Amino acid sequence: MAVKVLLVDDHLIVINGLKYYFQTQPNVEIVGHALNGEEALRLVEAHRPDVVLMDLRMPDMDGIEATRRITQQYPEVRVVVLTGFADRDAIIPAIRAGAIGYQLKDVDPDILLDTIMAAMSGTQMIHPTVISQWLSWTFEESKASSRFDELTPKEKEVLYHITLGKSNKEIAADLCITEKTVKTHITKIFLKMDVHDRTQAALYALRNRWFK
């Protein structure tokens, strides 16, 4: 029995190219196409595809939100991302939303077909570039977590106030300590974080979501 696939992309040239390729594959049946996430949800309800091939950056509802809703409402439907984006803000949310596969649009069509078939068996296939990025971010997050753990509770307080853009005088007043003590804490913070100034320290803490 052919795998029923729903195509979701806001570019018709991509949709038509995918249709042209999959028409040559007897084990794939294209049941429809959607130009945004909202339309994708309606078509999933109507056609109950086995796999949704999902773009991420689309109007009205993006692919990440659509993936989240599909995997929550229709757990039997597999979502495979097919996008041109390999940045952190695309990859991590898409995987967390429930995508079982992640391929870039430069992928060989036969590998895309393999990804769809793998999804049917519950196996995750991810583009090599995405894997490389993911491993790099995992390493950076681990290193960042280690640096945060090295800070004392008071150093974390001082750093938090630095992220708010406060001066040493303001931090001293807020924490009921002297400016000299604040400077001592900041020196230790810079050393433990391997940064050279307040801006670097603040940006590093914010980028790694150390404080809510």
Side-chain angles (χ1 to χ4, degrees), residues 1-139 141:
M1 183 178 294
V3 176
K4 296 187 295 183
V5 177
L6 174 68
L7 306 177
V8 186
D9 197 294
D10 61 334
H11 293 95
L12 283 174
I13 191 169
V14 174
I15 293 288
N16 290 334
L18 291 169
K19 284 182 176 179
Y20 180 81
Y21 169 72
F22 286 123
Q23 282 174 356
T24 67
Q25 305 302 317
N27 51 351
V28 173
E29 176 192 356
I30 302 300
V31 296
H33 72 266
L35 301 179
N36 57 60
E38 289 184 354
E39 189 177 0
L41 286 171
R42 292 195 295 270
L43 292 180
V44 168
E45 171 63 26
H47 299 293
R48 298 299 173 100
D50 300 305
V51 175
V52 176
L53 203 55
M54 180 76 72
D55 189 19
L56 292 183
R57 307 284 168 85
M58 297 178 294
D60 299 326
M61 180 189 294
D62 65 23
I64 293 172
E65 179 60 24
T67 297
R68 182 179 297 108
R69 295 194 188 187
I70 289 170
T71 55
Q72 288 177 350
Q73 297 176 28
Y74 311 96
E76 74 282 2
V77 177
R78 312 289 188 177
V79 177
V80 172
V81 169
L82 180 64
T83 182
F85 299 95
D87 57 278
R88 184 173 188 153
D89 291 337
I91 296 170
I92 294 178
I95 298 298
R96 288 177 176 170
I100 194 172
Y102 197 113
Q103 295 293 349
L104 301 181
K105 289 181 178 177
D106 64 356
V107 70
D108 184 281
D110 291 341
I111 294 179
L112 181 59
L113 178 61
D114 289 343
T115 303
I116 290 172
M117 296 306 170
M120 287 297 296
S121 63
T123 302
Q124 189 176 59
M125 284 186 65
I126 298 178
H127 194 284
T129 298
V130 174
I131 292 175
S132 176
Q133 294 276 46
W134 185 280
L135 291 175
S136 175
W137 296 328
T138 301
F139 173 75
E141 287 178 354

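As the structure is a computational prediction, the values presented were derived from the model and not from experiment. This chain uses plain numbering: 1 for the first residue, then up along the sequence.
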(request) State which residue, out of D89, D9, D87, fulfils the salt bridge (charged side-chain N to carboxylate O under 4.0 Å, His left out) condition with R57. (result) D87

(message) Using side-chain heavy atoms (C-beta onward) and a distance below 4.5 Å, is L104 in contact with T83?
(response) yes

(message) Would you compute the distance between atom NZ of K19 and atom CD1 of I30 and round it to the nearest 0.5 angstrom?
(response) 8.0 Å

(message) Could you check whether any side-chain heavy atom of F22 comes within less than 4.5 Å of a side-chain heavy atom of L112, counting everything from C-beta outward?
(response) yes

(request) Quickly, which of R69, E65, M61 forms a side-chain contact (heavy atoms from CB on, under 4.5 Å) with E38? Name it, please. (result) M61

(request) Hey, could you give me the CZ/CZ distance between R96 and R68, rounded to the nearest 0.5 Å? (result) 10.5 Å

(message) Does any part of the side chain of L6, heavy atoms only, come nearer than 4.5 Å to the side chain of V77, both counted from C-beta?
(response) no

(request) Show your reasoning for whether side chain to side chain contact (heavy atoms under 4.5 Å, CB included) applies to I95 and Q124. (result) CA-CA 10 Å; I95 298 298; Q124 189 176 59; 4.2 Å; yes

(message) Is the shortest side-chain heavy-atom distance between V81 and I91 below 4.5 Å?
(response) no

(request) Give a yes or no answer on whether the side chain of D62 reaches the backbone of L56 with a donor-acceptor pair at less than 3.5 Å. (result) no

(request) State whether the side chain of T71 and the backbone N or O of A99 hold a donor-acceptor pair below 3.5 Å, judged by distance alone. (result) no

(message) If I take atom OG1 from residue T115 and atom CZ from residue R78, how far apart are they, to the nearest 0.5 angstrom?
(response) 14.0 Å

(message) Can you give me the closest heavy-atom contact between A66 and L41, atom names plus distance?
(response) O-CD2, 4.3 Å

(request) Would you mind reporting whether V28 and M117 have side-chain heavy atoms less than 4.5 Å apart? (result) yes

(message) Let me confirm one number: the CD1-CD1 distance from I111 to I116, rounded to the nearest 0.5 Å.
(response) 12.5 Å

(message) On a heavy-atom basis, which atom in A34 and which in A40 lie closest, and how many Å separate them?
(response) CB-N, 3.5 Å

(message) If you define the side chain from C-beta out and look only at heavy atoms, does anything of Q103 sit under 4.5 Å from L53?
(response) no

(message) Could you measure the distance from the CG atom of D55 to the NE2 atom of H11? Nearest 0.5 Å is fine.
(response) 8.0 Å

(request) Determine whether Y74 and E45 make a side-chain contact, defined as any pair of heavy atoms from C-beta on separated by less than 4.5 Å. (result) yes

(request) Assess whether atom CG of L12 is packed by more than 12 heavy atoms of other residues, nucleotides or ligands within 6.0 Å. (result) yes

(request) Locate the shortest heavy-atom distance separating L82 from K105; write the atom from each residue and the value. (result) O-CE, 3.6 Å

(request) Give the C-alpha distance, both sets of side-chain angles, the deciding distance and a yes or no for side chain to side chain contact (heavy atoms under 4.5 Å, CB included) between Y102 and V107. (result) CA-CA 10 Å; Y102 197 113; V107 70; over 6 Å; no

(message) Can you confirm whether V80 sits close enough to I100 that some side-chain heavy atom of one is under 4.5 Å from a side-chain heavy atom of the other?
(response) yes

(request) Run the numbers on M58 and L35 for side chain to side chain contact (heavy atoms under 4.5 Å, CB included), then give the verdict. (result) CA-CA 8 Å; M58 297 178 294; L35 301 179; over 6 Å; no

(message) I need the minimum non-hydrogen distance between A94 and T67, along with the two atoms involved.
(response) O-CG2, 4.3 Å

(request) Please step through salt bridge (charged side-chain N to carboxylate O under 4.0 Å, His left out) for the pair D60 and R42, ending with a clear verdict. (result) CA-CA 13 Å; D60 299 326; R42 292 195 295 270; over 6 Å; no

(request) Please report the shortest heavy-atom distance between P59 and N36, naming the atom on each side. (result) O-CB, 3.2 Å

(request) Supply the atom-to-atom distance H127 NE2 to T129 OG1, rounded to the nearest 0.5 angstrom. (result) 4.5 Å

(request) Locate the shortest heavy-atom distance separating P26 from A2; write the atom from each residue and the value. (result) O-CB, 3.9 Å

